[in-house]
Amino acid sequence: MSSHTFVLNGERVTVEVADDVRLLWVLRDLLGVTGPKYGCGLNVCKSCTSHINGKAFNPCSVPVSAIKADDEITTIEGLPATVGQELHPMQEAWLEQDVAQCGYCQPGQIMTAVALVHRVRAEGRAITDADLDQIRNICRCGTYSRIRTAIRSGAAKM
Amino acid sequence: MAEDLRRRRFLAYLLAAPTLAVAVQWIDPQRADAAVPTLPQPEEIFDLGDLQNLAAAPTANLVSVQVNRDGSVAFAVPRAEVGQGITTAVAMMVAEEMDLPLDKVTVTLADARPELLMNQLTGGSNSVRSIYTPVRTAAAVARQRLVATAAKQWGVKDSELTTRDGVISHASGRTATYASLAVAAASSKVEAATVQLKSTSDFTVLGTPQNRIDAREAVMGRKTFGMDMQVPNAKPTMVRRPPTINGTVRSVNNKAAVLAMPGVTDVAVVSRGVAVRADTFGQCIDGLRALDVSWGPGTVDGESDETVLAKLKAAELPMLVPGLLTEVLDAEFTFAFASNSPLEPDNAIADVRKDSAEIWSSLKVPIVAQENIAAQLGLPIGAVKVHVAQGGGSFGRHLFHDVAAEAAEISQKVGKPVKLMWSRTDDFRQGRTHPMCTSRIRVTHALGNVISYEQRHTSVQTEFSHGLGEMLTSFAAKLPIAGNLSFAESIFLLTQSSPYNFGVTTQLLNEIPLKFNTGSMRNIYSPNVVTAQELVVDRLAAKMGKDPVSMRRSFLRDNRLKAVFEKAVTEGQWGRALPQGVAQGIAVHAEYQAAVCCLVEIDCRPETVDRPVTDGVTGPRVTKALIVVDPGFAINPRGLEAQMIGGMNDGIAMALTSSLHMRDGIPLEGSWDNYFYTRQWNTPLDMRVVIAPSGGTPSGAGELAVAPSMAAVACAYARATGTAPTYFPINHGTLGFEPYPTEPSTPPSPVNGLDS
Ligand code: FES
Ligand code: FES
């Protein structure tokens with residue numbers, strides 16, 4: 001057991017847990033933050049996608065000890081606050097397109113989408129089909145085409 | 001059909017309750033009875049959905065619409081929501097008949113209710129069909145009662161009042177909200193009431209595109225799935241599983257060492273492995289990996305794709321037509337094992353006490369789960385409470401309650417509540433599969449006419465949930481099928497029919513009793529049966545000197561199918577010029593009282609097939625997909641479109657990329673980069689759904705698109721490459737990944753997630 005501190009959705013948190021427990025379980029099982037979902041635990045399905053200092057990452061594949069005290073972890077629950085709104089524009093776009101079916105993958109899809117828009121912006125270009133083709137997030141309900149439309153429309157509003 | 005409703009009155013019951021509550025008979029038995037035909041091809045008129053409706057008939061007035069003091073209306077739907085949109089459709093029905101805004105209606109999932117008998121089953125795409133009339137009747141009676149209550153208070157006639165947005169108004173300017181009348185309108189005794197339902201032409205909610213009522217919760221990460229539920233002290237629990245399917249535990253050789261690991265609270269041998277309960281799931285994975293277990297044999301040790309296929313071929317039923325005087329076309333197709341694994345892995349919470357138990361899980365047949373778990377625990381049925389959780393997908397998986405039963409077993413063993421999760425690898429390797437099967441077809445033709453069409457489907461046996469089995473047994477006498485068919489054969493006949501005028505037509509199923517863990521996957525037999533059929537139609541066309549479209553035009557029987565077909569031909573620009581290596585494919589399918597046609601374009605040029613994606617299967621890409629669907633009446637066109645899009649992606653996966661490789665008694669697949677369900681780089685860039693309703697009652701939608709999509713992709717692939725595929729998915733022959741070891745059963749989570 002050791003103590004781990006980081007910033008979670010804008011608040012500093014400290015948890016007592018063994019070093020090698022992956023962050024996903026610290027979030028879900030110990031802190032009760034259930035927006036990031038388990039779909040594989042292997043860094044494959046991307047349904048746990050969250051942000052670390054604004055960059056997409058997969059907490060199922062990061063031991064809690066790898067997180068530094070000043071690292072800012074944002075899960076889907078904290079996404080709206082990053083823009084000071086009740087809903088992030090990407091979430092609005094998701095609602096407009098009625099993307100979700102069962103909804104299980106969608107928190108991860110949205111977090112991936114927001115990070116993608118930021119990355120592409122930083123490269124000074126617009127999102128292409130090739131960018132969208134590279135998204136690895138599984139949607140077993142097959143909502144892919146609505147996801148593509150929603151990302152483009154969410155990007156326009158970001 | 002819809003127009004009849006205008007003249008007919010429907011029956012519901014006012015319940016004795018503190019606020020207005022109206023209960024309703026769960027199904028209109030007239031319809032199901034009238035639908036029993038005597039035709040050789042039973043699926044067309046009496047299908048699986050009708051069977052479920054018929055079975056649902058005898059249980060009366062058990063589901064109710066409740067008007068709350070705040071004017072909101074609640075309905076607990078005895079069905080599972082796993083993404084198919086049933087809660088949204090039900091809310092729309094209530095909003096429509098009550099003249100209430102959609103956001104005032106809350107729909108929850110009912111707990112297991114034994115008194116509903118087989119009414120509580122979600123499967124075979126029948127949900128919307130079986131509740132369409134009952135839910136609307138209850139809502140209409142509630143509205144009628146509210147109006148009558150206001151009329152009485154104001155001393156006016158009911159007919160002078162109008163309702164809109166949850167408010168009752170009179171020409172005099174008086175108004176009253178439903179909220180203000182919820183108590184006054186309540187009945188003090190159970191009382192029957194009849195009502196007329198709105199006619200389709202008066203609908204303002206039903207038939208209009210609506211967003212899912214749970215969409216906001218979902219995008220905010222607040223929708224609570226089974227995995228997200230918190231029950232006090234129900235700690236994370238996982239199971240170390242055997243290296244072959246259904247293997248058994250001989251001994252655990254280091255229990256004390258694992259118990260001493262950080263976070264681990266319990267280790268227990270159960271029927272399907274060794275359970276580890278801990279503070280976090282991560283520590284369960286560490287614990288189960290550290291276990292040293294000696295295993296006994298499983299039920300299919302030594303079976304691989306090749307051995308199963310050999311057994312299937314040996315069991316194929318003979319063709320009857322010799323084809324001596326005619327031209328013969330023989331074809332045979334093989335379909336690999338596939339997984340119905342949803343993204344949310346199997347999970348359940350169980351809190352088993354000495355004389356009671358409580359279970360939470362996503363269950364499509366909660367009553368059967370309750371019965372079986374009670375028997376397993378040695379408790380009376382009434383002592384077991386079963387709650388239905390929101391499911392992150394199902395695709396047939398949740399027809400079974402394996403995970404709930406296992407959670408109950410573990411909780412009883414360790415004497416504590418548990419939250420059991422199967423790992424992703426467990427889901428693929430030990431979870432239920434869509435069985436391997438073959439489809440043989442013989443067609444005879446002469447002088448431009450098809451004389452006979454015979455299809456022999458041979459499959460590893462598919463287990464159906466107990467719910468369906470019991471339903472079928474008790475209603476067997478009313479079914480339009482003669483003879484002593486097995487349950488699976490009956491399901492086959494109820495779901496399959498040839499849409500073509502191909503003379504003497506027989507479609508038969510034979511199963512081999514291998515003990516794999518099987519179950520029905522979205523659309524059951526249809527994707528395989530229809531793919532085989534449509535490929536043969538294309539080959540026949542070529543033999544008879546026709547193109548795929550003119551061939552189908554000549555032989556399609558059903559008018560609704562003809563209509564969606566012609567629309568797809570036009571909208572999809574059949575025959576447009578395409579480069580070498582790119583081709584179109586078209587396929588039709590009628591099921592669940594709906595008609596569908598898919599037209600796709602596939603790009604099989606080397607530069608597309610070989611495009612690089614790390615750890616992903618690329619292969620041919622479906623670039624364009626069009627689905628034209630006639631659902632009878634589309635309750636929620638936006639939801640229907642979503643189901644069609646999802647079905648298309650399933651069809652693409654089944655035709656091109658997704659299968660299980662069975663090797664020495666276990667599938668090799670262990671994650672989503674092994675089991676290649678459609679990904680963004682495989683999905684069509686141009687996906688279009690055209691809804692062309694012909695009127696009437698709503699059909700099932702959840703599974704409808706899978707079969708014609710798979711078939712259209714297969715036909716397009718055959719035309720683009722000039723080689724007719726005979727083994728599906730087409731990439732099954734190449735293993736595109738390094739399999740995870742079979743021991744320990746769950747791989748470790750990586751630690752390099754920050755490296756990229
Ligand atoms: S659970 Fe993290 S990538 Fe699948
Ligand atoms: S919406 Fe169900 S997995 Fe994506």
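Residue numbers begin at 1 in each chain, while the letters A, B, ... track the order of the sequences. Heavy atoms only: backbone and side chains are in, while hydrogens, waters and symmetry mates are out.
Side-chain atoms of B:Asn752 never come within 3.5 Å of backbone atoms of A:Ser61 as a donor-acceptor pair (strictly under, hydrogens ignored). Listed for the A:Asp98 side chain is a donor-acceptor partner under 3.5 Å among the backbone atoms of B:Arg212. Using a distance-only test at 3.5 Å, with no hydrogens or angles considered, a donor-acceptor pair links the side chain of A:Arg140 to the main chain of B:Ser341. Panel note: side chain B:Ser749, backbone A:Gly41; a donor-acceptor pair is recorded below 3.5 Å. Judged by distance alone, the side chain of B:Trp672 and the main-chain N or O of A:Gly39 form a donor-acceptor pair under 3.5 Å. Side-chain atoms of A:Gln101 come within 3.5 Å of backbone atoms of B:Ala642 as a donor-acceptor pair (strictly under, hydrogens ignored).
Heavy atoms from other residues, nucleotides or ligands lying under 6.0 Å from CD of B:Glu607 number more than 12. Other residues, nucleotides and ligands contribute more than 12 heavy atoms inside 6.0 Å of the NZ atom of A:Lys157.
Between chain B and the options A:Val62, A:Asp129, A:Val33, A:Ile147, the largest number of non-hydrogen pairs under 4.5 Å is found for A:Val62. Top candidate by heavy-atom pairs under 4.5 Å with chain A, chosen from B:Asp686, B:Ile652, B:Asn649, is B:Asn649. The residue among B:Thr614, B:Asp650, B:Asp279 with the most heavy atom pairs within less than 4.5 Å of chain A is B:Thr614. Heavy-atom pairs under 4.5 Å with chain B were tallied for A:Tyr104, A:Trp94, A:Phe57; the largest tally goes to A:Tyr104. Chosen from B:Ala218, B:Gly282, B:Pro748, the residue pairing most often with chain A at heavy-atom distances under 4.5 Å is B:Gly282. Ranked by heavy-atom pairs under 4.5 Å with chain B, the list A:Val17, A:Ile76, A:Asn137, A:Thr75 is led by A:Ile76.
Under the 4.0 Å criterion applied to side-chain N and carboxylate O atoms, B:Arg216 and A:Glu86 are assigned as salt-bridge partners. Ion pairing of B:Lys419 with A:Asp29 is absent here, as no side-chain N (NZ or NE/NH1/NH2) approaches a carboxylate O to less than 4.0 Å.
In this structure, no portion of B:Thr746 lies under 4.5 Å from any heavy atom of chain A. With a 4.5 angstrom heavy-atom cutoff, B:Thr683 touches chain A only via side-chain atoms. Residue B:Gln283 touches chain A through its side chain alone, counting heavy-atom pairs closer than 4.5 Å. Proximity to chain A (any heavy atom under 4.5 Å) is restricted, for B:Met687, to the side chain, taken from C-beta onward. Interface remark: A:Leu132 contributes backbone atoms only to the contact with chain B (heavy atom separation under 4.5 Å). Looking at B:Leu343, both its backbone and its side chain come within 4.5 Å of chain A, counting heavy atoms on both sides. There is no contact between B:Glu217 and chain A, counting heavy-atom distances below 4.5 Å. Proximity to chain A (any heavy atom under 4.5 Å) is shown, for B:Asp427, by neither the backbone nor the side chain. With a 4.5 angstrom heavy-atom cutoff, B:Tyr740 touches chain A only via side-chain atoms. Neither the backbone nor the side chain of B:Arg688 comes within less than 4.5 Å of any heavy atom of chain A.
Looking at A:Lys37 and B:Asp228, their side chains come closer than 4.5 Å, going by heavy atoms from C-beta outward. At a threshold of 4.5 Å between non-hydrogen side-chain atoms, the residues B:Gln230 and A:Thr34 count as touching. Residues B:Thr280 and A:Val26 have side chains not in contact (no heavy-atom distance under 4.5 Å, counting atoms from C-beta outward). Side-chain contact between B:Gln680 and A:Arg148 is present, with at least one heavy-atom pair separated by less than 4.5 Å. By the 4.5 Å heavy-atom criterion applied to side chains, B:Met421 and A:Tyr38 are counted as neighbours. With contacts defined as side-chain heavy-atom distances shorter than 4.5 Å, the pair B:Arg638/A:Gln97 does not qualify. A heavy-atom distance below 4.5 Å is not found between the side chains of B:Tyr677 and A:Cys139. Put simply, the side chain of B:Val751 does not reach to within 4.5 Å of the side chain of A:Asp20, judged on heavy atoms.
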Query raised in the report: Given the rule in the salt bridge (charged side-chain N to carboxylate O under 4.0 Å, His left out) test, do A:Arg22 and B:Asp286 qualify, once you have shown the distances and angles that lead to the verdict?
Result: CA-CA 11 Å; A:Arg22 309 301 189 270; B:Asp286 293 344; 5.2 Å; no

Requested in this report: Please lay out, stage by stage, how A:Arg136 and B:Asp673 fare under the test salt bridge (charged side-chain N to carboxylate O under 4.0 Å, His left out).
Outcome: CA-CA 10 Å; A:Arg136 299 193 73 91; B:Asp673 278 352; 3.5 Å; yes

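A:Asp133 pairs in a side chain to side chain contact (heavy atoms under 4.5 Å, CB included) with only one of the listed residues (B:Asn682, B:Val613, B:Leu685), which is B:Leu685.
Taking CD of B:Glu641 as the start and OG of A:Ser145 as the end, the distance is 7.5 Å to the nearest 0.5 Å. Here the straight-line distance linking atom OG1 of A:Thr143 with atom CD1 of B:Ile645 works out to 8.5 Å at 0.5 Å rounding. Interatomic distance, B:Gln390 CD to A:Cys102 SG, rounded to the nearest 0.5 Å: 10.0 Å. If you take CG on A:Asn43 and OG on B:Ser671, they are separated by 10.5 Å, rounding to the nearest 0.5 Å.
Note that A:Arg28 lies outside the cation-pi zone of B:Phe281, set by a 6.0 Å cut-off to the ring centre and a 45° limit from the axis.
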